[in-house]
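Take a look at the structure below.
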2 protein chains.
Amino acid sequence: MLKNMERSTRQRQAIRQVMQELNRPLSPSEVLEAARHKVPGLGIATVYRTLKGLVEEGSAIPVELPGEAPRYELSGKKHHHHFHCTYCGKVFELEGCPGDFSFMAPQGFKTERHEIVLYGRCTQCLNPHP
Amino acid sequence: MLKNMERSTRQRQAIRQVMQELNRPLSPSEVLEAARHKVPGLGIATVYRTLKGLVEEGSAIPVELPGEAPRYELSGKKHHHHFHCTYCGKVFELEGCPGDFSFMAPQGFKTERHEIVLYGRCTQCLNPHP
DNA sequence: GACAGAATGATAATGAGTTATCATTATGAA
DNA sequence: TTCATAATGATAACTCATTATCATTCTGTC
């Protein structure tokens, strides 16, 4: 007897695969575009529904960046930050973190967490003809 | 002969004052609320128009934080980051910056700028009864 | 294979934030 | 003070991301 996200459909398989393969935070429309290569008729509503389900079951988490609609990445990764290519708009995962930034907060403030976003050009956009 | 933001109205004066006095990134509705203490009948449309004008003339800049609508702060400050109180929702300016984060980017990526956001509790929210 | 009902896809509806409209008011040059 | 017109405030309209609706299709159990 099943509960949430109970049936294994081609659409859901494709969406999960795309998120594993691309391995970076994806917007719903990026997921749609990539997953349509596997399931041509895929609709955006299914993408939203599936992403919501993945977040609810804990296997994906939303990634919020300044001025952008949420993207989604698979969960289970350790503390990390992101790089946003200002040319192609893709967001990449960074490894590691320089550490604790509590010292930046004013006296009397209690820092609980932090986010770092780097902006610039990714390799593909710097070297368009490899 | 005047150009943009040409007339000095009570509304515009109040909005500029509020931004100077509070000295932190303010959302349009925060500006409205604060500026209404000076100009009671102030409307939200005027706030949006004035903020847009301030940005166009270069005296204010939009501050984008993850998952939030843009706030606005007066320009001319040096490189800095922000603290977002998760309790009252206010955003505060931080002084200084630990430095360069290019080393976090993958091989072949070119980092041009970075953003840091700290999350936690501000003094007021930690000490409600001073 | 048959069947209950979960899932899908197209699209209408929603919601939050922002902008446009327009009649009225207020600024500032003459 | 007068007057052209910029600015205001109320609110309708718009934008864009997301969700709801619903007829149809598909999954998985029997």
Side-chain angles (χ1 to χ4, degrees), chain A residues 1-19 25-57 59-73 84 89 91, chain B residues 1-19 25-57 59-73 84 89 91:
Chain A
M1 172 264 206
L2 299 159
K3 277 276 182 91
N4 230 15
M5 302 280 289
E6 26 221 292
R7 296 187 178 176
S8 176
T9 64
R10 288 179 307 130
Q11 290 84 344
R12 288 177 181 170
Q13 289 167 16
I15 290 170
R16 274 185 234 252
Q17 275 177 32
V18 155
M19 294 185 74
L26 299 174
S27 67
S29 54
E30 281 179 312
V31 171
L32 178 66
E33 136 104 56
R36 269 188 172 161
H37 294 148
K38 300 173 190 289
V39 181
L42 182 63
I44 187 67
T46 297
V47 173
Y48 276 104
R49 274 188 296 243
T50 302
L51 289 174
K52 193 177 181 185
L54 291 173
V55 170
E56 279 169 2
E57 78 177 26
S59 48
I61 55 173
V63 174
E64 307 259 26
L65 296 189
E68 305 272 319
R71 289 170 169 79
Y72 298 86
E73 66 182 13
H84 191 171
V91 174
Chain B
M1 171 265 209
L2 299 159
K3 277 275 180 95
N4 229 15
M5 302 280 289
E6 24 219 293
R7 295 185 180 178
S8 176
T9 65
R10 288 179 307 130
Q11 289 84 345
R12 288 178 182 170
Q13 288 166 15
I15 291 170
R16 274 187 236 252
Q17 275 177 31
V18 156
M19 295 186 74
L26 300 174
S27 67
S29 53
E30 281 178 311
V31 171
L32 179 66
E33 137 105 56
R36 269 189 172 161
H37 294 149
K38 300 172 191 286
V39 181
L42 182 64
I44 188 66
T46 297
V47 173
Y48 276 104
R49 274 187 297 241
T50 302
L51 289 174
K52 193 177 181 186
L54 291 173
V55 170
E56 279 169 2
E57 77 177 26
S59 46
I61 56 173
V63 173
E64 307 258 26
L65 296 189
E68 304 273 320
R71 289 170 170 79
Y72 297 87
E73 67 183 11
H84 192 172
V91 174

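Here is the naming used below: chain letters follow the sequence lines, and residue numbers restart at 1 for every chain. Just so it is clear, the model here is predicted, and its values are computed rather than measured.
Atom pair B:Leu51:CG and C:dG17:P shows a separation of 15 Å (rounding to whole Å applied). Separating the CZ atom of A:Arg36 from the C1' atom of C:dA10 is a distance of 11 Å, rounded to the nearest angstrom. Distance B:Lys52 NZ to C:dG17 P: 18 Å, rounded to the nearest Å. D:dA17 atom P lies 13 Å from atom CG of A:Leu32, rounded to whole Å. D:dA7 atom C1' lies 16 Å from atom CD1 of B:Ile44, rounded to whole Å. Regarding B:Ile15, its CD1 atom lies at a distance of 12 Å from the C1' atom of D:dG9, rounded to whole Å. The CZ atom of A:Arg71 sits 13 Å away from the C1' atom of D:dA17 (whole-angstrom rounding). Nucleotide D:dA17 holds its P atom 18 Å from the CD atom of B:Glu68, rounded to whole Å.
Comparing B:Tyr72 and B:Gln11, the nucleotide of DNA chain C nearest to each residue sits closer to the 5' end for B:Tyr72. When the nearest nucleotides of DNA chain C are assigned to A:Val47 and B:Ala69 by heavy-atom distance, the more 5′-ward of the two goes with A:Val47.
The closest donor-acceptor contact from the side chain of B:Arg36 to the backbone of B:Gly41 lies at 3.5 Å or more, if one exists at all. Although no hydrogens or angles enter the test, the distance criterion places a donor-acceptor pair under 3.5 Å between the side chain of A:Glu30 and the main chain of A:Ser27. With A:Thr46 contributing its side chain and A:Leu42 its backbone, the two residues share no donor-acceptor pair below 3.5 Å. One N or O on the side chain of B:Arg12 and one on the backbone of B:Arg7 form a donor-acceptor pair closer than 3.5 Å.
Judged by distance alone with a 3.5 Å cut-off, no donor-acceptor contact links the side chain of A:Arg49 to the base of D:dT19.
Phosphate proximity of C:dT27 to B:Arg12: absent, as no side-chain N or O sits under 4.0 Å from OP1 or OP2. Contact check, A:Thr9 against D:dC26: no side-chain N or O comes under 4.0 Å of OP1 or OP2.
When distances are taken from the side chain of B:Tyr48 to each of D:dT18, D:dA6, C:dT18, the shortest belongs to C:dT18. Checked against D:dA6, D:dG9, D:dT18, the side chain of B:Arg7 finds its nearest nucleotide in D:dA6.
When only modelled atom types and interatomic distance are considered, B:Gln13 and B:Ser8 share a side-chain donor-acceptor pair under 3.5 Å.
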